[in-house]
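Accompanying notes for the structure given below.
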Amino acid sequence: MPPIEIKKNIHWVGAVDWNIRNFHGYSTEKGTTYNNFLIMDEKVALFDTVKKPFRSEMLHNVRRIVDPVKIDYLIVNHVEMDHSGSVPEVVEAVKPEKIFCSAKGKEAMIEHFHREDWPYEVVESGDEISLGTRTVTFLETRMLHWPDSMFSYIKEERLLISSDAFGQHWATTERFDDEVDSPELFRHAAKYFANILLPYSALIQKLIATVTDMGLEIDMIACDHGLLWRKNAGKIIEAYDRWSRQEPTKKALIIYDTMWHSTETMAKAIADGLQQTGVSAKLMNLECTHRSDVLTELLDARAMIVGSSTLNNGMLPAVSDILTYIKGLRPKNKIGAAFGSYGWSGEAVKLITKSLEDMKVEVVDPGVRVKYVPDHEGLRPCVELGKKIGAAINESVPG
Ligand code: FEO
């Protein structure tokens, strides 16, 4: 894909990855992009690189604008390999006068590339460098997404180069938010937030407060993945504020796997009970729902009701997988309970309940078990569980 001038003499020179489908367990069903940016000024600066297999594409894009040896500065906002993987080739081609990064960035660069001799220049929040007519202000954003992460803000352009923040995994030939379907764009952004940034919600709240206090004027956010925000920069910041508050809506997820459909029948009865209380319920069968899509739905749900048949004195592997995944992402403000069918031992409900407690989900019921196949009477406790959780949601969620 050719370079695109995103502002006068500022160019996107990245790469589109149409084929990636798995990003560390996140289902990138529509691919992604690795965005990096070239600013042509008295000093020429390249902001980040791209994943290693795309290095030639990226350098080709750079060469369409400038001979790489004319680049003075390389700015490394983030050392994760989807952005730094081409740094060795870029350093070789560019021979930069300086490589700007955070202190943690320098450590991580050395630990990735084992080159202490590169011309690092460590910067911290508030530091500025002049490119001539433009100024780059750095803002450290530790843990968004790694300890080394930082933003670069160009005040003369009201441009925030935001590294991973505000990204989406979506491969397109379009580069701006106003060129694509907006609901789909926000769905990808929510999925990205839920699966990558959710554990750092408290830091995001602080960051939004800092950006507000600094009075940064932003009319374009150039993120490192997906579409850049020029029409909806304010809206995506508002969405990050809302998502990072983790304020739930009147919604419950019923997340389950089932062996011979008994647990599935229970799931439907629980949904029936929830529906009777006016709460929105979503059934998420793990055989056909990817874990990262469960997280997207969990972002604004109040309840997670998790079900599994008992298998070999434990739970089904897909249920174990989703509980491990959710635990790592540390969602807040959730209530929950477990359910499942069994044949003789029936440990799954107890194990799921323990897992919910371990991740600080408020367990509102000891859970429901059914032996083998539930009949009409056997489903009554499931309907009651749905009603109980629905009532708890209605009590705790305003509106
Ligand atoms: Fe897109 Fe944390 O890397």
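Whatever order the structure lists ligands and atoms in, that order sets their numbers, starting from 1. All residue numbers refer to positions in the sequence shown, counting from 1.
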**Prompt:** How many angstroms lie between NE2 in H78 and OG in S162, if you round to the nearest 0.5 Å?
**Reply:**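 Going from the NE2 atom of H78 to the OG atom of S162 covers 11.5 Å.
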**Request:** Verify the ring-centre separation between F186 and W229: is it less than 6.0 angstrom?
**Result:**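 Yes, close enough.
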**Audit row: D272, Q276, side-chain hydrogen bond (donor to acceptor under 3.5 Å, both in side chains) steps and yes/no** = CA-CA 6 Å; D272 180 330; Q276 290 183 44; 2.7 Å; yes
**Request:** Taking atom 2 (Fe) of ligand 1 as the vertex, measure the angle between atom ND1 in H145 and atom OE1 in E80; round to 10°.
**Result:**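 The two atoms subtend 80° at atom 2 (Fe) of ligand 1.
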**Vertex atom 2 (Fe) of ligand 1, rays to OD2 in D164 and NE2 in H78 - rounded to 10°** =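 With atom 2 (Fe) of ligand 1 as the vertex, OD2 (D164) and NE2 (H78) sit 90° apart.
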**Metal proximity, D82 vs atom 1 (Fe) of ligand 1, N/O/S cut-off 2.8 Å** =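 Within the cut-off used here (under 2.8 Å), D82 does place an N, O or S atom near atom 1 (Fe) of ligand 1.
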**Asked** Is atom 1 (Fe) of ligand 1 less than 2.8 Å from at least one N/O/S atom of H83?
**Response**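 Yes.
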**Prompt:** Do any N or O atoms from the side chain of S244 and from the backbone of D241 form a donor-acceptor pair under 3.5 angstrom?
**Reply:**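 A pair under 3.5 Å: yes.
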**Prompt:** Taking a hydrophobic cluster as the set of Ile, Leu, Val, Met, Phe, Trp and Tyr residues connected by side-chain heavy atoms closer than 4.5 Å, whether directly or through intermediates, do L351 and V370 fall within one such cluster?
**Reply:**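 Different hydrophobic clusters.
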**Prompt:** What's the atom name of the N, O or S in H225 nearest to atom 1 (Fe) of ligand 1?
**Reply:**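 Answer by atom name: NE2.
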